[in-house]
Amino acid sequence: MIDTHKIYNALKANFSAEQAEALTNIISETILDFDRLVTKQELGELKEAIKELSEAQRRTEERLNALAEAQRRTEERVNELAEAQRRTEERLNELAEAQRRTEERLDKLAHEMTEMRREFYAEIKDIRQQLGGLSMAVGYGIEDRIMPYFYDLAEKDYGITLKSLDRRNYIYPDGRYDEVNIYAEGVKGDRVCLIIAECKAQPGKKDVDRFSDMLSRLRAATGLEVYPILIGYVFSPEVEMYVQTQYPEIRLMKTFEFELSYDARKKRRA
């Protein structure tokens with residue numbers, strides 16, 4: 001508030017009462033006008049500040065809207081990634097399930113293969129046993145057919161008079177034994193000799209090797225001279241060459257040679 005009384009008293013000291021009053025009125029009006037002027041400037045400044053604040057608010061809102069849009073796009077992308085992750089997990093689960101079924105089928109197949117292999121080996125073993133029995137039967141058949149001719153063969157080809165002719169298991173001191181298809185013992189001059197024969201339908205190289213090993217054991221055990229004969233229905237060229245080069249002391253004979261070359265009645269005439 002303007003203190004007009006104070007202004008008037010100050011002016012009255014130098015001016016008349018009328019002049020002091022007039023000057024007081026003029027000064028009061030001037031002060032009021034100045035106050036009003038300041039208020040308008042401040043109001044203008046306030047309006048300008050409000051305008052600037054409004055502009056700043058607008059820009060802030062625009063940035064907030066931009067951020068909100070970016071956030072929305074980010075959320076959409078996150079949702080897309082989440083959906084892709086979900087589909088990936090579903091695919092992985094499908095693959096895991098397919099892998100599990102595959103492993104089950106492989107386990108089943110492996111089990112079936114094991115069973116088939118077991119059955120196969122059992123069948124092979126059975127076949128081998130049957131073939132072994134057949135081979136023995138064929139071998140025994142050969143022995144039975146040709147044994148009667150050995151008396152004549154021993155005398156004609158080796159100058160040996162047979163004293164015994166047998167199918168024998170020769171037992172060694174250590175308890176082991178060899179099954180000898182034809183064990184023929186006789187005398188040549190004043191010496192005891194052996195004719196040892198092995199009978200096979202179609203001898204192979206391994207049969208030749210086994211026969212040679214058995215001959216070595218018999219020679220060592222008996223101390224006698226041994227004349228070996230390997231007898232078969234047929235010999236492959238490889239086996240014939242093998243015997244000629246590796247075991248030339250072994251004589252190869254085919255079954256039909258006995259009936260053609262020797263007399264089965266020789267024993268009965270003796």
Side-chain angles (χ1 to χ4, degrees), residues 1-134 204-206 209 236 238:
M1 294 293 293
I2 300 173
D3 191 355
T4 57
H5 182 69
K6 185 177 181 180
I7 294 172
Y8 174 79
N9 289 330
L11 290 173
K12 187 178 180 181
N14 298 300
F15 297 96
S16 64
E18 292 80 5
Q19 290 175 335
E21 185 176 354
L23 287 172
T24 299
N25 291 334
I26 292 170
I27 291 172
S28 296
E29 289 295 329
T30 302
I31 292 173
L32 289 174
D33 289 341
F34 182 76
D35 289 340
R36 286 194 292 268
L37 177 61
V38 172
T39 302
K40 288 179 180 178
Q41 289 177 346
E42 290 178 347
L43 181 60
E45 291 175 356
L46 179 59
K47 288 180 178 179
E48 185 65 25
I50 291 173
K51 182 179 179 181
E52 291 177 357
L53 288 173
S54 297
E55 180 64 20
Q57 178 67 20
R58 183 186 64 77
R59 291 194 300 270
T60 299
E61 289 179 353
E62 287 180 352
R63 288 195 294 271
L64 287 175
N65 290 335
L67 288 173
E69 179 64 17
Q71 177 66 21
R72 184 188 62 80
R73 291 195 298 270
T74 300
E75 290 178 354
E76 288 181 353
R77 182 58 179 161
V78 169
N79 291 335
E80 291 174 357
L81 290 174
E83 178 63 18
Q85 178 67 18
R86 184 188 62 80
R87 291 194 298 269
T88 300
E89 290 177 353
E90 288 181 352
R91 181 58 180 162
L92 288 174
N93 291 335
E94 291 174 358
L95 291 173
E97 178 63 18
Q99 177 69 17
R100 184 188 62 79
R101 292 195 298 268
T102 299
E103 290 177 353
E104 286 181 353
R105 288 195 294 269
L106 288 175
D107 290 341
K108 182 178 180 182
L109 180 61
H111 178 71
E112 292 175 352
M113 290 295 293
T114 300
E115 288 298 312
M116 290 175 62
R117 189 180 296 109
R118 184 186 61 78
E119 293 175 0
F120 173 76
Y121 286 138
E123 291 178 359
I124 290 296
K125 182 179 180 180
D126 183 59
I127 290 172
R128 285 177 176 172
Q129 289 175 346
Q130 293 181 28
L131 289 176
L134 180 61
K205 291 181 180 180
K206 290 184 178 180
D209 292 336
S236 69
E238 292 82 1

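Along the sequence shown, residues carry numbers from 1.
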TODO: Please name all residues satisfying side chain to side chain contact (heavy atoms under 4.5 Å, CB included) with His5, sequence neighbours left out, ordered by chain then number.
DONE: Asp3, Asn9
Open item on the list: Going by the rule salt bridge (Lys or Arg N to Asp or Glu O under 4.0 Å), which residues pair with Glu97 if we only count those two or more places apart in sequence or in a different chain?
Closed with: Arg100, Arg101
TODO: Flag the pair Lys108 / Arg105 as yes when at least one side-chain heavy-atom distance between them is below 4.5 Å, and no otherwise.
DONE: no
Open item on the list: Among residues at least two apart in sequence or on other chains, which ones pass salt bridge (Lys or Arg N to Asp or Glu O under 4.0 Å) with Glu103?
Closed with: none
Open item on the list: For a side chain to side chain contact (heavy atoms under 4.5 Å, CB included) check, start with the C-alpha distance between Arg91 and Glu94, then their side-chain angles and the critical distance, and finish with the verdict.
Closed with: CA-CA 5 Å; Arg91 181 58 180 162; Glu94 291 174 358; 3.3 Å; yes
Open item on the list: List the residues meeting side-chain hydrogen bond (donor to acceptor under 3.5 Å, both in side chains) with Glu18, not counting sequence neighbours, and say none if there are none.
Closed with: none
TODO: Apply side-chain hydrogen bond (donor to acceptor under 3.5 Å, both in side chains) to Gln71 and list each qualifying residue two or more places apart in sequence or on a separate chain.
DONE: Glu75
Task: side chain to side chain contact (heavy atoms under 4.5 Å, CB included) involving Leu106 - partner list, sequence neighbours excluded - done: Thr102
Task: side chain to side chain contact (heavy atoms under 4.5 Å, CB included) involving Thr114 - partner list, sequence neighbours excluded - done: Arg117
- [ ] Give the minimum heavy-atom separation between Thr4 and Ser28, together with the two atoms involved.
- [x] CG2-OG, 3.2 Å
Open item on the list: To the nearest 0.5 Å, what is the distance between OG1 on Thr30 and CG on Leu23?
Closed with: 10.0 Å
Task: All side chain to side chain contact (heavy atoms under 4.5 Å, CB included) counterparts of Leu81, not counting sequence neighbours - done: Arg77
Task: For the student: nearest non-hydrogen atoms of Phe15 and Ala20, plus distance - done: CB-N, 4.0 Å
